[in-house]
Amino acid sequence: PILMPSGGSTLRRDLEAWFERKRVDPVVVAEFDDRALMKAFGERGTGVFTSPSAVERDVLDKYGVTTIGRSKELTERFFLISAERRIKHPAVSAITEAARKALFA
């Protein structure tokens, strides 16, 4: 059983294509627009779910789940949206730089 992102998401399409390439036919038990809700269902043993490796440690600690596999073939994109062309606030700048280093190291 697997918990999947909603049908309209890029990750969902990428996962379905990946499963097809690997000739895996998962049993989808639920679909979610909310990743936190999906993880909560996974925590209760409803099914497996995907999570970015960048937040793996946090997910393992918070939800008490176990990693069962990884794939370098699947990626997710994250975007920072700012009204400012250049980030000027020192706190926002520090957070942005720390995230950039942690995610793209």
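For the salt bridge (charged side-chain N to carboxylate O under 4.0 Å, His left out) test, residues two or more places apart in sequence or in another chain that qualify with Arg57 are Asp61. Under the side chain to side chain donor-acceptor pair (under 3.5 Å) criterion, Ser71 pairs with Trp18, sequence neighbours left out. Under the side chain to side chain donor-acceptor pair (under 3.5 Å) criterion, Asp58 pairs with no residue at all, not counting sequence neighbours. Under the rule for a salt bridge (charged side-chain N to carboxylate O under 4.0 Å, His left out), Lys72 has no partner lying at least two apart in sequence or in another chain. The side chain to side chain donor-acceptor pair (under 3.5 Å) search around Thr10 returns Arg13, not counting sequence neighbours. Contacts of Thr67 classified as side chain to side chain donor-acceptor pair (under 3.5 Å), with partners at least two apart in sequence or in another chain: Glu56.
Residue pairs satisfying the side chain to side chain donor-acceptor pair (under 3.5 Å) criterion with at least one member in residues 21-35, sequence neighbours excluded, are listed as follows: Ser6-Asp33, Arg12-Glu31, Lys22-Glu73, Arg35-Glu76.
Using a 4.5 Å heavy-atom threshold, the side chains of Glu16 and Met4 count as touching. Residues Thr50 and Leu74 fail the side-chain proximity criterion, which asks for heavy atoms closer than 4.5 Å. Two residues are said to be in side-chain contact when any heavy atoms from C-beta on lie closer than 4.5 Å; Leu15 and Pro5 meet this criterion.
With Ser93 contributing its side chain and His89 its backbone, the two residues share no donor-acceptor pair below 3.5 Å.
With a 4.5 Å cut-off between side-chain heavy atoms of Ile, Leu, Val, Met, Phe, Trp and Tyr, the cluster of Leu3 takes in Val27, Val29, Phe32, Leu37, Met38, Phe41, Phe49, Val55, Val59, Leu60, Tyr63, Val65.
If you take OG1 on Thr46 and CD1 on Ile2, they are separated by 13.0 Å, rounding to the nearest 0.5 Å.
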